[in-house]
2 protein chains.
Amino acid sequence: MARDNCSSADAAGRALSRSDDSGDLETRATEAHHESLRLWLRMLACTNLIETTIRQRLQARFGTTLPRFDLLSQLERAPNGLKMGELSRRMMVTGGNVTGIADALEAEGLVTRIADLTDRRASRVKLTAGGRRLFQRMAGEHEQWVIELFGGVDASGKQQLGGLLAQLKQHVGRSIG
Amino acid sequence: MARDNCSSADAAGRALSRSDDSGDLETRATEAHHESLRLWLRMLACTNLIETTIRQRLQARFGTTLPRFDLLSQLERAPNGLKMGELSRRMMVTGGNVTGIADALEAEGLVTRIADLTDRRASRVKLTAGGRRLFQRMAGEHEQWVIELFGGVDASGKQQLGGLLAQLKQHVGRSIG
DNA sequence: TCTAAATATTTTAAATGTCAAGTAAATTGA
DNA sequence: TCAATTTACTTGACATTTAAAATATTTAGA
């Protein structure tokens with residue numbers, strides 16, 4: 001996964017560390033701007049570290065991948081299956097990608113494609129019994145991994161982090177919407 | 001990019017929302033556990049949303065990709081170039097990946113590979129003059145994008161978020177180290 | 001001095017991801 | 001009723017990513 005480790009963030013860090021704390025508005029405005037870059041890089045590094053850890057464990061323990069786990073997770077709570085477009089939306093990836101991941105899971109016998117009764121263009125993807133059982137085992141361990149990885153932040157810290165992320169996400173959504 | 005949108009997080013959400021608030025220790029412990037999952041999913045969704053936005057803008061504005069931008073960024077602050085292994089460490093990707101990205105940038109004339117004088121196995125990658133100029137233009141816009149995207153969080157919120165992420169990252173590092 | 005082990009990078013295969021084009025089907029509106 | 005437009009999904013090309021293996025070189029130690 002790429003991370004935009006922009007060097008100007010480092011430059012910002014160096015500028016901040018040697019700032020004479022003069023406090024003039026322009027300096028403070030610049031500091032605030034660079035804070036965004038540093039924050040972004042830290043968030044990216046943190047998310048990637050956790051994600052890489054989870055990917056490696058899924059591969060080692062179950063011989064599967066995170067996108068496949070993700071798709072199974074979406075289907076687990078949809079007893080009647082989901083359409084490809086809906087999977088695309090929930091997984092936040094393009095339709096072509098969902099096609100490929102569903103193909104792989106179908107080949108493994110974990111999901112099945114069912115023609116849509118009302119729209120011959122569409123198909124629904126549904127968990128097989130085996131897929132459901134496997135998913136339940138993976139989900140149990142996955143949950144323990146996440147609990148362990150987030151164990152260094154106490155309850156109030158988690159509340160704060162959740163709130164700040166929600167605030168950030170809302171603003172981002174408005175910026176690009 | 002996959003996200004481990006585990007359905008047990010949703011189950012946690014539903015359980016939490018209909019909890020009778022009895023407050024017994026087991027219920028509260030379970031709630032705290034599920035909070036980790038929800039937090040992880042929110043963090044993942046938020047990071048991916050920002051990352052996707054930046055990727056799309058880099059492609060639209062400069063016809064380049066985030067990993068290539070990332071590599072250029074690493075080189076911008078290394079006037080003498082960097083070895084492949086060092087790029088791999090800084091970009092947090094495997095060596096094989098760095099080879100491919102460097103190949104692409106070299107083909108575009110943005111970087112050049114130089115044989116290492118002290119180790120014939122090694123080579124150093126260095127920005128060309130054109131690469132440096134292009135990177136500076138991209139970095140300027142990239143910084144503005146990040147500032148805009150993080151504009152919804154005030155200075156104290158950014159400080160808090162940064163601190164919490166640092167705490168989280170430190171714990172994760174210890175968990176997997 | 002020489003061999004074994006370690007290191008640096010590349011290559012290969014597989015998986016995931018986007019974008020654009022293609023195909024089939026549904027919807028819209030004249 | 002029928003043609004144009006839109007929609008659902010697949011396909012193909014390209015880029016990125018990993019893990020493992022291969023190749024070349026350096027280092028360590030007997």
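Residue numbers start from 1 in every chain, and the chains themselves are labelled A, B, ... in the order their sequence lines are given, proteins ahead of strands. This structure is a prediction, so every number in the text was calculated from the model and none was measured. Heavy atoms only: backbone and side chains are in, while hydrogens, waters and symmetry mates are out.
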[X] [atom1] to [N] [atom2]: how many Å, rounded?
{"X": "N48(A)", "N": "dT17(D)", "atom1": "CG", "atom2": "C1'", "result": "12 Å"}
{"X": "M84(A)", "N": "dA24(C)", "atom1": "CE", "atom2": "C1'", "result": "15 Å"}
{"X": "N97(B)", "N": "dA13(C)", "atom1": "CG", "atom2": "P", "result": "17 Å"}
{"X": "D116(A)", "N": "dA24(C)", "atom1": "CG", "atom2": "C1'", "result": "14 Å"}
{"X": "R55(A)", "N": "dT18(D)", "atom1": "CZ", "atom2": "P", "result": "9 Å"}
{"X": "K83(B)", "N": "dT10(C)", "atom1": "NZ", "atom2": "C1'", "result": "16 Å"}
{"X": "L49(A)", "N": "dT18(D)", "atom1": "CG", "atom2": "P", "result": "13 Å"}
{"X": "M91(B)", "N": "dA15(D)", "atom1": "CE", "atom2": "P", "result": "15 Å"}

With a non-hydrogen cut-off below 4.0 angstrom, is [X] in contact with a base, only sugar-phosphate, or nothing?
{"X": "S123(B)", "value": "sugar-phosphate"}
{"X": "R124(B)", "value": "nothing"}
{"X": "G100(A)", "value": "nothing"}
{"X": "T65(A)", "value": "sugar-phosphate"}
{"X": "Q56(A)", "value": "sugar-phosphate"}

Could you tell me whether E35(A) and R42(A) make a salt bridge, using a distance below 4.0 angstrom between a side-chain N and a carboxylate O?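 The answer is no: the pair does not qualify as a salt bridge.
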Salt bridge check: are R90(A) and E86(A) linked by an N-O gap of less than 4.0 Å? yes
Student check: side-chain heavy atoms of S123(A) and K83(A) closer than 4.5 Å: no
Are R113(A) and D103(A) side-chain neighbours, meaning at least one heavy-atom pair lies under 4.5 Å? yes
Separation of F150(B) CZ from L168(A) CG (nearest 0.5 Å):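 So the CG of L168(A) and the CZ of F150(B) are separated by 5.0 Å.
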Taking the nucleotide of DNA chain D with the nearest heavy atom to each, does A122(A) or T118(B) sit closer to the 5' end?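 Comparing both residues, the 5'-ward one is A122(A).
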Per nearest nucleotide of DNA chain D, the residue lying toward the 5' end, D119(B) or G85(A), is G85(A)
Contact nearer the 5' end of DNA chain C, comparing D103(B) with A104(A): D103(B)
Is the phosphate of dA15(C), meaning OP1 or OP2, less than 4.0 Å from a side-chain N or O of R68(A)? yes
Should R120(B) be listed as having a side-chain N or O under 4.0 Å from OP1 or OP2 of dT7(C)?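 Indeed not, no polar side-chain atom of R120(B) lies that close.
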Can you check whether any acceptor in the base of dT7(C) is under 3.5 Å from a donor in the side chain of R121(B), or vice versa? yes
